[in-house]
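Working notes for the structure below.
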Amino acid sequence: MFTDKDYAAAARLLADVVDEYPEQTGPRLLLARAYYHSAQLRRAEEQLRAVVDRNPVEHYATLMLGRTLQRQGRHDEAAPWLRMAESFA
(Lines give C-alpha, C1' and ligand atoms only; values in the text may rest on other atoms or scores of the structure.)
Protein backbone atom coordinates (compact mmCIF):
# COMPACT_ATOMS: atom_id res chain seq x y z
CA MET A 1 0.00 0.00 0.00
CA PHE A 2 2.91 2.35 0.69
CA THR A 3 4.40 1.47 -2.70
CA ASP A 4 1.07 2.37 -4.32
CA LYS A 5 0.84 5.48 -2.13
CA ASP A 6 -2.52 4.32 -0.80
CA TYR A 7 -1.78 5.72 2.64
CA ALA A 8 -5.40 5.98 3.77
CA ALA A 9 -5.93 2.25 3.15
CA ALA A 10 -2.65 1.46 4.89
CA ALA A 11 -3.77 3.53 7.88
CA ARG A 12 -7.03 1.62 8.15
CA LEU A 13 -5.19 -1.70 8.12
CA LEU A 14 -2.44 -0.59 10.48
CA ALA A 15 -4.92 0.90 12.96
CA ASP A 16 -6.29 -2.62 13.48
CA VAL A 17 -2.78 -3.99 13.98
CA VAL A 18 -1.96 -1.27 16.53
CA ASP A 19 -5.23 -1.94 18.35
CA GLU A 20 -4.33 -5.61 18.58
CA TYR A 21 -0.65 -5.05 19.49
CA PRO A 22 -0.47 -1.63 21.17
CA GLU A 23 2.94 -2.27 22.72
CA GLN A 24 4.64 -2.81 19.35
CA THR A 25 6.58 0.24 18.12
CA GLY A 26 7.03 -0.79 14.48
CA PRO A 27 3.36 -0.92 13.48
CA ARG A 28 2.66 2.30 15.39
CA LEU A 29 5.44 4.12 13.49
CA LEU A 30 4.08 2.79 10.20
CA LEU A 31 0.61 3.96 11.20
CA ALA A 32 2.00 7.40 12.00
CA ARG A 33 3.69 7.50 8.58
CA ALA A 34 0.47 6.49 6.87
CA TYR A 35 -1.43 9.21 8.72
CA TYR A 36 1.29 11.77 7.91
CA HIS A 37 1.28 10.96 4.20
CA SER A 38 -2.52 11.01 4.05
CA ALA A 39 -2.59 14.42 5.79
CA GLN A 40 -4.19 13.06 8.97
CA LEU A 41 -1.70 15.04 11.00
CA ARG A 42 -3.46 15.04 14.38
CA ARG A 43 -3.68 11.26 14.23
CA ALA A 44 -0.02 11.03 13.24
CA GLU A 45 0.90 13.26 16.16
CA GLU A 46 -1.10 11.09 18.56
CA GLN A 47 0.70 7.91 17.45
CA LEU A 48 4.12 9.55 17.55
CA ARG A 49 3.55 10.93 21.04
CA ALA A 50 2.59 7.43 22.19
CA VAL A 51 5.90 6.09 20.85
CA VAL A 52 7.94 8.92 22.38
CA ASP A 53 6.15 8.54 25.72
CA ARG A 54 7.26 4.91 25.80
CA ASN A 55 10.73 5.47 24.34
CA PRO A 56 11.96 9.08 24.57
CA VAL A 57 15.10 8.33 22.55
CA GLU A 58 13.32 6.81 19.54
CA HIS A 59 15.07 8.85 16.83
CA TYR A 60 12.60 8.34 14.00
CA ALA A 61 9.59 9.14 16.18
CA THR A 62 11.13 12.39 17.42
CA LEU A 63 12.02 13.42 13.86
CA MET A 64 8.56 12.58 12.54
CA LEU A 65 6.87 14.32 15.45
CA GLY A 66 8.85 17.48 14.71
CA ARG A 67 7.96 17.32 11.03
CA THR A 68 4.32 16.61 11.80
CA LEU A 69 4.12 19.65 14.06
CA GLN A 70 5.89 21.76 11.41
CA ARG A 71 3.42 20.66 8.78
CA GLN A 72 0.61 21.82 11.06
CA GLY A 73 2.26 25.25 11.31
CA ARG A 74 3.26 24.66 14.94
CA HIS A 75 6.91 25.61 14.42
CA ASP A 76 7.65 26.60 18.03
CA GLU A 77 6.46 23.20 19.24
CA ALA A 78 8.34 21.41 16.46
CA ALA A 79 11.73 23.02 17.13
CA PRO A 80 12.70 21.08 20.28
CA TRP A 81 11.71 17.77 18.69
CA LEU A 82 13.76 18.48 15.60
CA ARG A 83 16.77 19.53 17.71
CA MET A 84 16.44 16.35 19.73
CA ALA A 85 16.26 14.22 16.59
CA GLU A 86 19.31 15.99 15.21
CA SER A 87 21.24 15.28 18.38
CA PHE A 88 20.38 11.57 18.10
CA ALA A 89 21.68 11.39 14.52
Below 4.5 Å, heavy atoms only, C-beta onward: do Met1 and Leu14 meet side chain to side chain? no
For the pair Leu48 and Thr68, evaluate side chain to side chain contact (heavy atoms under 4.5 Å, CB included) and give the outcome as yes or no after the intermediate values. CA-CA 9 Å; Leu48 293 164; Thr68 299; 3.6 Å; yes
Search all heavy atoms of Ala39 against all heavy atoms of Arg71 and return the closest pair with its distance. CB-NH2, 3.9 Å
Smallest heavy-atom separation, Val52 atom then Ala61 atom, equals CG2-CB, 3.8 Å
Answer yes or no: is there a side-chain heavy-atom contact under 4.5 Å between Glu23 and Tyr21? yes
Show your reasoning for whether side chain to side chain contact (heavy atoms under 4.5 Å, CB included) applies to Gln72 and Leu69. CA-CA 5 Å; Gln72 293 177 69; Leu69 293 168; 4.2 Å; yes
Shortest non-hydrogen separation from Pro27 to Val17 and the atoms involved: CB-CG1, 3.8 Å
Can you tell me if Asp76 has over 12 outside heavy atoms packed within less than 6.0 Å of its CG? no
Can you name the closest pair of heavy atoms from Ala78 and Gly66 and give their distance? CB-O, 3.2 Å
Does a side-chain N-to-carboxylate-O contact under 4.0 Å join Glu45 and Arg49? yes
Smallest heavy-atom separation, Ala44 atom then Ala32 atom, equals CB-O, 3.6 Å
Compare every heavy atom of Tyr7 with every heavy atom of Ser38, then report the nearest pair and how far apart it is. CB-CB, 3.9 Å
Output the distance between atom OG1 (Thr62) and atom CD (Glu86), rounded to the nearest 0.5 Å. 11.0 Å
Cation-pi geometry met for Arg67 and Tyr36 (6.0 Å, 45°): no
So CD of Glu46 and CG of Leu31: to nearest 0.5 Å the spacing works out to 9.0 Å
Side-chain heavy atoms nearer than 4.5 Å, only ILVMFWY residues, links allowed to pass through others: does that put Val18 and Phe2 together? yes
Let's go through Met64 and Arg33 carefully: what are the C-alpha distance in whole Å and the side-chain angles of both, what is the deciding distance for side chain to side chain contact (heavy atoms under 4.5 Å, CB included) to 0.1 Å, and is it a yes or a no? CA-CA 8 Å; Met64 275 196 66; Arg33 281 184 56 205; 3.4 Å; yes
Give a yes or no on this: more than 12 heavy atoms of other residues, nucleotides or ligands lie within 6.0 Å of atom CD of Gln24. yes
Same cluster for Val57 and Tyr60 if Ile/Leu/Val/Met/Phe/Trp/Tyr side chains link at under 4.5 Å? yes
